[in-house]
Asker: 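The structure's right below; bear with me while I get my questions together.
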Amino acid sequence: MLLETCSTAAEVLRALPLAIKHGLHREYLFHAVLKGHAQGSPLERTMAFFAEMRLAEVRPVVYNLTYLFKAAADRSNLRRGREIHAQLIANGFSGNVHAATAVVNLYAKCRRMVDARKVFDRMLERDLVAWNAVAAGERPDSITIVAALPACADLGSLKAGKSIHAHSIRAEFSSLVNVATALVGMYSRCGALATARLVFERMRAKNVVSWNSMIDGYAQGGDAEEAMRLFEQMLAEGIKPTEVTIMAAVHACADLQDLEMGKKLHKLVAELGLSSNVSVMNSLIAMYSRCRRVETAVEIFEGLRQRGTATLVSWNAMISGYAQNRCGGAALELFRMMVAQRNDAVQPDSFTLVSVIQAVAELSAPPLGNVYVATALVDTYAKCGGVPLARKVFDLAARSTRSTKCGAAAPRGPTRSPSCASSPPAATRAGARGAAGIRRYEGGLRPCAGQDHYSAMVDLLGRAGRLREAWEFIEAMPAVAGISVFGALLGACKIHRDVGMAEKAAERLFLLEPADGGYHVLLSNIYAAAGMWPEVARVRRDMERKALRKNEVHTFFSGDTNHPLKERIYAKLEELMEEIKAAGYVPDASSVHDVEADVQEQLLITHSEKLAIAFGLVSSAAGATIQIRKNLRVCADCHTATKFISLVTGREIIVRDVQRFHHFKDGRCSCGDYW
DNA sequence: CTACTGTGAG
């Protein structure tokens with residue numbers, strides 16, 4: 001009871017006389033308080049107490065430091081971990097098995113396996129615990145099994161995971177909570193959500209981590225609805241969520257763009273005392289950005305920045321938030337601030353780069369005309385071993401920056417969306433420009449992690465109409481171009497109505513067998529826009545052959561005449577067109593080009609959303625909400641038409657396109673006509 | 001009195 005009231009060294013010192021009277025040692029008291037901090041306080045608080053303790057000349061003992069290591073490892077705080085490692089060496093504890101094991105664990109958790117192995121190899125005495133820390137036990141116990149399962153998930157090897165599952169059953173470990181939980185995690189990260197759920201449901205005893213693994217499995221696996229259902233169930237069962245639970249739920253909320261639920265979670269974060277948890281706050285930044293509440297995201301980000309707790313992830317979340325919400329100017333401004341503040345811990349990485357490229361693409365700045373982007377790209381490709389590509393980007397950049405200098409990304413005044421009013425504060429802008437900042441990139445970027453920045457780059461080149469360059473860019477990529485890269489090219493071909501390039505892109509794309517039928521629809525629409533009807537039909541047949549039609553929903557294509565209810569659908573459509581025209585709808589032909597007016601209107605009328613809405617109207621109960629999922633972005637004409645349809649039919653219509661939800665009601669859309 | 005495992009933000 002004495003200890004519970006002390007949290008600073010001064011308080012401990014004040015309590016000392018009383019403690020000594022009770023027969024407690026001075027050291028013991030400090031160590032007990034430190035342990036309390038390590039288990040419950042933020043790492044910084046724990047470190048501060050440790051420093052105070054040293055000032056009070058309390059000699060640390062081995063297990064003080066092991067607690068500190070655990071605190072640092074749990075939060076993957078490598079920098080602090082290294083500091084404690086130095087303390088440990090300075091105090092002559094490096095020979096201790098427990099301490100050394102904690103160091104191995106720290107490096108392993110922070111994904112520094114080389115460092116982990118170095119410390120491990122230098123250990124004179126090793127026990128099973130130490131072996132487990134490098135996940136290489138010879139006679140595996142249950143903890144070794146638990147440690148091996150995430151490795152299967154990392155490798156994406158369901159086969160290896162299953163064989164370990166079998167082994168754990170033979171060794172009679174499989175019903176241990178930790179083993180079962182690790183199995184849930186392994187199955188869900190390998191995409192076997194149904195199996196994960198089965199293991200989860202069969203668990204006799206579940207703990208928070210079990211719930212977290214299952215909920216996050218759904219959240220990361222794309223089933224946000226199920227993630228939220230399970231989250232609600234967890235709360236209903238009276239289990240107190242942790243920061244991990246919250247982050248998974250926030251992620252799911254962002255996916256659903258469910259702002260109301262997002263706000264509830266934000267409140268819950270405060271109630272749970274998690275407002276100082278940077279990771280949680282970062283997930284909220286991303287959630288608000290996806291729900292188009294950039295202002296709220298900025299508030300949170302600025303709060304973190306002012307407290308000095310913003311991390312690289314925070315900056316990336318905010319820059320990405322701006323980019324997603326078409327605030328390209330603000331995104332680039334924040335990017336410049338990031339570079340200018342000269343904080344080594346917060347310098348751009350490949351995540352940042354993706355958002356920056358998106359921002360440049362959106363601003364229609366000359367491709368590669370932005371010297372920041374270009375420099376970052378050159379650096380990245382050179383590091384990936386793509387020297388010829390780096391050279392090419394460099395040449396292009398040199399050519400196009402001659403006229404634009406650094407100015408391509410200069411603030412462009414008020415940006416298009418009202419939500420962009422919240423641009424970064426001006427205080428830290430000074431000195432953000434110029435070559436000095438760019439030099440900071442040297443050595444600053446890690447080699448490309450995924451395909452995202454390649455597809456962003458292809459999108460950038462493609463939108464600017466530089467389709468040939470985009471193609472050359474893909475050919476020169478040091479990595480194998482994936483679905484998203486060719487998808488971006490195909491999208492650009494749609495914008496610029498380049499059938500030839502579209503065919504080239506589609507050929508390569510379809511070899512990769514995308515599960516999403518949207519790309520076939522995209523190609524079909526490109527043909528349709530060019531009036532190439534036999535080709536439209538060919539793509540449709542191709543899709544049917546590949547069974548790409550989604551079976552759980554009714555799927556429609558532009559110009560679809562194949563549905564069993566087609567007569568009723570087309571009749572309904574005609575009726576609707578009459579009604580909405582009477583209500584003031586004027587077809588907007590800007591998304592269909594180069595065909596005669598009557599053909600134009602015919603194309604517009606038979607756009608797949610309109611077909612789907614008509615089907616929804618003829619096949620659902622009166623007054624029911626109609627839900628539509630679109631695998632491309634909704635076109636301007638369909639958007640307008642849907643507003644009118646919601647007005648004349650009194651129905652709510654919810655369209656979810658690749659970008660976001662559109663909630664149509666009484667002639668208005670939740671997106672405020674901005675998407 | 002301790003160490004090793006399972007969930008984790010952009």
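The structure displayed is predicted, hence computed values, not measured ones. Throughout, a chain's letter reflects where its sequence line sits, starting with A, and its residues are numbered from 1.
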Asker: Test of understanding: with side chain to side chain donor-acceptor pair (under 3.5 Å), list the residues that count as partners of A:Asp216, not counting sequence neighbours.
Answerer: A:Gln220
Asker: So if I take residues 203-213 of chain A and measure heavy-atom distances to DNA chain B, which residues fall below 4.0 Å?
Answerer: A:Asn207, A:Val209, A:Asn212, A:Ser213
Asker: Checking A:Thr181 now: which residues fulfil side chain to side chain donor-acceptor pair (under 3.5 Å) with it, not counting sequence neighbours?
Answerer: A:Ser210
Asker: Where the side chain of A:Pro150 is concerned, which of B:dA9, B:dT5, B:dG6 is the nearest nucleotide?
Answerer: B:dG6
Asker: Between A:Tyr218 (OH) and B:dT7 (P), how many Å, whole number?
Answerer: 17 Å
Asker: Just call it for A:Ala102: base, sugar-phosphate, or nothing, with non-hydrogen atoms closer than 4.0 Å on any strand.
Answerer: nothing
Asker: Who are the side chain to side chain donor-acceptor pair (under 3.5 Å) partners of A:Asp459, not counting sequence neighbours?
Answerer: A:Arg463
Asker: Rounded to whole angstrom units, what separation is found between the CG atom of A:Asn282 and the P atom of B:dA9?
Answerer: 10 Å
Asker: When you measure from the side-chain N and O atoms of A:Arg189 to the phosphate of B:dG6, is any distance below 4.0 Å, counting only OP1 and OP2?
Answerer: no
Asker: Please enumerate all residues that pass side-chain contact (heavy atoms from CB on, under 4.5 Å) together with A:Ser275, with sequence neighbours excluded.
Answerer: A:Val269, A:Ala270
Asker: Does the ring center of A:Trp315 lie less than 6.0 Å from the ring center of A:Phe301?
Answerer: yes
Asker: The side chain of A:Ala182 is closest to which nucleotide in this list: B:dG10, B:dT7, B:dG6?
Answerer: B:dG6
Asker: What contact category does A:Asp216 fall into here, base, sugar-phosphate, or nothing, at under 4.0 angstrom with non-hydrogen atoms?
Answerer: sugar-phosphate
Asker: Nearest to the A:Ser279 side chain among B:dT5, B:dA9, B:dG8, which nucleotide is it?
Answerer: B:dA9
Asker: What is the distance, to the nearest angstrom, from the CG atom on A:Asp141 to the P atom on B:dG6?
Answerer: 13 Å
Asker: Mind checking side-chain contact (heavy atoms from CB on, under 4.5 Å) for A:Arg122 and listing every partner two or more places apart, or none if nothing turns up?
Answerer: A:Lys118
Asker: Mind calculating the distance between OH (A:Tyr288) and C1' (B:dA9) to the nearest angstrom?
Answerer: 15 Å
Asker: Sequence neighbours left out, what passes ring pair (Phe, Tyr, Trp, His ring centres under 6.0 Å) with A:Tyr218? Give chain and number order.
Answerer: none
Asker: Check the distance between B:dG8's P and A:Leu265's CG and give it to me in whole angstrom.
Answerer: 17 Å
Asker: How close or far is atom C1' of B:dG10 from atom CD1 of A:Ile300, stated in whole angstroms?
Answerer: 14 Å
Asker: Let's see if you can work this out: which of B:dA9, B:dC4, B:dG6 has an atom nearest to the side-chain heavy atoms of A:Ser283?
Answerer: B:dA9
Asker: Output the single nucleotide from B:dG10, B:dA3, B:dG6 whose closest atom is nearest the side chain of A:Asn178.
Answerer: B:dG6
Asker: Please find out if less than 6.0 Å separates the ring center of A:Trp211 from that of A:Phe200.
Answerer: yes
Asker: Residues of residues 307-316 of chain A with any non-hydrogen atom less than 4.0 angstrom from an atom of DNA chain B: list those, numerically ordered, please.
Answerer: A:Leu312, A:Val313, A:Asn316
Asker: Write down the distance between OH (A:Tyr187) and P (B:dG6), rounded to a whole number of angstrom.
Answerer: 18 Å
Asker: Of all residues at least two apart in sequence or in a different chain, which pass the side chain to side chain donor-acceptor pair (under 3.5 Å) check with A:Glu237?
Answerer: A:Gln233
Asker: Considering only heavy atoms from C-beta outward, does the side chain of A:Asp115 approach that of A:Arg82 to under 4.5 Å?
Answerer: yes
Asker: Phosphate oxygens OP1/OP2 of B:dA9: is one of them under 4.0 Å from a side-chain N or O of A:Gln220?
Answerer: yes
Asker: A:Phe173 has an atom CZ; how far is it from atom P of B:dG6, in whole Å?
Answerer: 16 Å
Asker: B:dG10 phosphate, OP1 or OP2: any side-chain N/O from A:His251 under 4.0 angstrom?
Answerer: yes
